[in-house]
Amino acid sequence: MRWSTAENFYASCERVFDPSLERRPVVVLSGNDGCAIARSAEAKALGIEMGEPAFKLRRFENDGLVLLSSNFPLYGDMSARVMAVLATFAPGIEVYSIDEAFLDVAGVPAAYLVSWARCVRATVRQWTGIPISVGIGPTKTLAKLANRLAKKSQKANGAVDLTADPAWLEPALKRTPVGDVWGIGRQFAAKCGLAGIRSAWDLAQSPDGWIKKNLGAVGLRTVMELRGFAVYEADDFPGDRKSACVSRTFGDAVDDLASVKDAVAVFAERCAAKIRKEGLAAGAVQAFATTDRFRKDEPQATIGLTLPLAPPTNATPAIVSLALRSIERSWRPEFRWRKAGVLLLDLVRPEDIPADLFAPPASDRSEALMQAVDGIVARMGRGAIGFGHHDQNATWRSRSASRSPSWTTRWEDLPVAKA
DNA sequence: TCTGGGGTCCTAGGACCC
DNA sequence: TCTGGGGTCCTAGGACCC
């Protein structure tokens, strides 16, 4: 089993097309330019934390810190390139996230695993410009742990193989703080700390009863994996997703129903397009709006209802009107709303829905309409056509002050080589 | 003044049934 | 005052991941 992880992926993507960012501290900001979601090694060295609010980063102005708005079209496209290169090196690949993949290494002789991993690493670097590191282990959790060590250690040169020598396992686990184990988050790490469990090794030695009681069934699986029993198998063909969500923090809070409905309509439209692209239909819609959770001086609330959609559909008009009804029916005028979103639930493949004897005959007109709309958006870009009029400068629109061009996904942004 | 977005799974508790 | 036992299903919330 092998995990391959890009290093500081978003920051690395930005650097591929702007070499002036090399060796400089670079931070990529979340949507709305809110907080740090990716940091170059130099930014980490400055002590910048993941999730640190952007306004607190001004103190690094004199350190040459570069703040960039996030550019997900670019990262998504670069990710696809990296995955395509990785796929040529293994008979099976599970794309786990935008910057991580799990590869099947059966067939590579054990003695060659590390040198082979370094070859993959060099190839990805050369063909895409993205640096990656590789961890090899007998289970997914141990491979992830190996990957972390590969990133940390200079000597490892980007690849660590925990299967090479069984004697390495104990020191590797002892060097890993329990909170850095895959599956152990903040809450679980705190419980472990109270019980005197500090390292991955301590956790692996803990009694099953304590683990089940305090960390649940999931925690127990993590521990089994640390002990070398594979619980999570490779999944080359992940199934359809079960829900989809489009949500945004507003640029500024709003207090009127019209603004929240305008935002929700836009999110519902995007979410519907998302599930259509995957050939799915929704059985329920939930729209929601929340107040600003950081404003301790203001009253907090969340509104929204889950409304069934029968039969399931992915047509924008039906989804938008249901999302609006969800907000209207739960509306409370006394709050200032800072964030809203639309969830599509109970996703199914339309061909899997049993025929309803009493349903009115389906019209193929709305399907044809959606195909036409999606086709226009694909050719002309988002915003070329849509449902209803939406003010591009509305208060609720997100901020995004310094976004890099979409170098690889928009003709207008194509980099130009100078003679 | 300013704090992301999009997922999964599990669990506890309530509603309801006999 | 005393007031069963055992299921199922659903949902909200909490934990985790990136």
Side-chain angles (χ1 to χ4, degrees), chain A residues 3 5-10 27-38 48-59 67-72 75-76 79 94-102 140-141 144 147-148 178-192 212-222 225 231-232 235 238-253 267 270-271 274-275 278 280 283-284 286 288 290-298 302 304-306 308 336 338-347 398-401:
Chain A
W3 279 95
T5 316
E7 295 175 13
N8 319 318
F9 181 60
Y10 301 162
V27 163
V28 176
L29 299 173
S30 63
N32 216 29
D33 291 344
C35 66
I37 58 167
I48 295 171
E49 298 290 330
M50 202 69 165
E52 200 166 339
F55 68 87
K56 286 189 181 168
L57 298 178
R58 293 212 196 98
R59 61 194 157 101
L67 295 178
L68 297 170
S69 304
S70 47
N71 182 351
F72 283 99
Y75 312 149
S79 172
E94 176 188 342
V95 176
Y96 175 70
S97 74
I98 195 165
D99 68 344
E100 285 180 295
F102 162 66
K140 284 186 168 182
T141 304
K144 289 268 288 185
N147 182 273
R148 176 183 169 276
V178 70
D180 285 349
V181 172
W182 187 44
I184 305 297
R186 283 246 299 276
Q187 306 299 322
F188 284 5
K191 282 185 183 173
C192 288
K212 177 72 171 66
K213 183 164 181 287
N214 291 278
L215 311 182
V218 186
L220 195 54
R221 286 207 276 270
T222 292
E225 287 243 320
V231 177
Y232 302 112
D235 188 4
D240 293 325
R241 69 161 105 216
K242 292 160 182 169
S243 66
C245 175
V246 170
S247 73
R248 292 288 181 277
T249 300
F250 297 156
D252 277 303
F267 302 157
R270 276 188 215 158
C271 208
K274 186 148 90 177
I275 66 168
E278 298 174 26
L280 299 170
Q286 181 187 23
F288 66 90
T290 63
T291 48
D292 188 340
R293 64 197 171 102
F294 295 102
R295 290 290 297 264
K296 303 297 181 200
D297 55 325
E298 289 191 1
T302 299
L305 293 170
T306 305
R336 286 163 42 79
R338 188 69 209 291
K339 175 178 176 163
V342 171
L343 285 118
L344 299 182
L345 310 165
D346 303 340
L347 299 184
S398 296
R399 289 183 284 261
S400 188

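Proteins come first, then strands; the chains are lettered A, B, ... in the order of their sequence lines, and each starts at number 1.
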What nucleic acid atoms does [X] come within less than 4.0 Å of, heavy atoms only: base, sugar-phosphate, or nothing?
X	answer
Asp99(A)	sugar-phosphate
Val181(A)	sugar-phosphate
Ile184(A)	sugar-phosphate
Glu100(A)	sugar-phosphate
Ala54(A)	nothing
Lys56(A)	nothing
Phe72(A)	nothing

Verify the contact: side-chain N or O of [X] to OP1 or OP2 of [N], cut-off strictly under 4.0 Å; return yes or no.
X	N	answer
Ser30(A)	dT3(B)	no
Ser243(A)	dT8(B)	yes
Arg221(A)	dC10(B)	yes
Arg248(A)	dG6(B)	yes
Ser247(A)	dG6(B)	yes
Lys144(A)	dC17(C)	no
Arg186(A)	dC17(C)	no
Arg338(A)	dT3(B)	yes
Lys274(A)	dG7(B)	yes
Lys191(A)	dA15(C)	no

Exercise for review: Can you see which heavy atom on Arg336(A) is nearest to which on Thr291(A), and at what distance?
Suggested key: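 Distance-wise, the nearest heavy atoms are O-CG2, 3.3 Å.
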Exercise for review: Might you point out which heavy atoms bring Gly51(A) and Cys35(A) nearest each other, and give the distance in Å?
Suggested key: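 Heavy-atom minimum between the residues: O-CB, 3.5 Å.
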Closest to the [X] side chain, choosing from [options]:
X	options	answer
Arg58(A)	dC18(C), dC16(C), dC2(B)	dC2(B)
Arg293(A)	dC10(B), dT3(B), dG4(B)	dG4(B)
Trp182(A)	dC17(C), dT3(B), dT11(B)	dC17(C)
Tyr96(A)	dC17(C), dG6(B), dG4(B)	dC17(C)
Gln187(A)	dG4(B), dC16(C), dC2(B)	dC16(C)

Review point. Between Gly216(A) and Phe55(A), which is nearer to the 5' end of DNA chain B once each is assigned its nearest nucleotide?
Key: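 Upstream on the strand: Phe55(A).
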Review point. In terms of the nearest nucleotide of DNA chain B, which residue is placed more toward the 5' end: Ile37(A) or Asp240(A)?
Key: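 Between the two, 5'-proximity favours Ile37(A).
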Length of the [atom1]-[atom2] vector between [X] and [N], whole Å:
X	N	atom1	atom2	value
Phe102(A)	dC17(C)	CZ	C1'	17 Å
Leu343(A)	dG5(B)	CG	C1'	11 Å
Arg399(A)	dC2(B)	CZ	C1'	7 Å

Review point. With a 3.5 Å cut-off and no angle check, do the side chains of Asn71(A) and Ser69(A) form a donor-acceptor pair?
Key: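 Judged by distance alone, the side chains do not pair up.
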Check your understanding: Taking atom types as modelled and ignoring hydrogens, do the side chains of Thr249(A) and Asn32(A) form a donor-acceptor contact shorter than 3.5 angstrom?
Key ->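 Side-chain D/A pair, Thr249(A) to Asn32(A): absent.
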Check your understanding: Is the backbone of Lys140(A) close enough, under 3.5 Å, to the side chain of Trp3(A) for a donor and an acceptor to pair up by distance?
Key ->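 Checked: pair present.
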Check your understanding: Does any N or O in the side chain of Glu225(A) come within less than 3.5 Å of the main-chain N or O of Thr222(A), such that one atom is a donor and the other an acceptor?
Key ->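 No: the side chain of Glu225(A) does not pair with the backbone of Thr222(A).
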**Study point:** Heavy-atom check, side chain of Leu29(A) versus side chain of Ile37(A), under 4.5 Å
**Key:**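 The answer is no; the side chains never approach within 4.5 Å.
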Check your understanding: Who is the Watson-Crick or G-U wobble partner of dC18(B), with both distances under 3.5 Å?
Key ->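 Pairing partner: dG5(C).
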Review point. Which value, in whole Å, describes the distance between the P atoms of nucleotides dC2(B) and dC18(C)?
Key: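 Result for the P pair: 30 Å, nearest Å.
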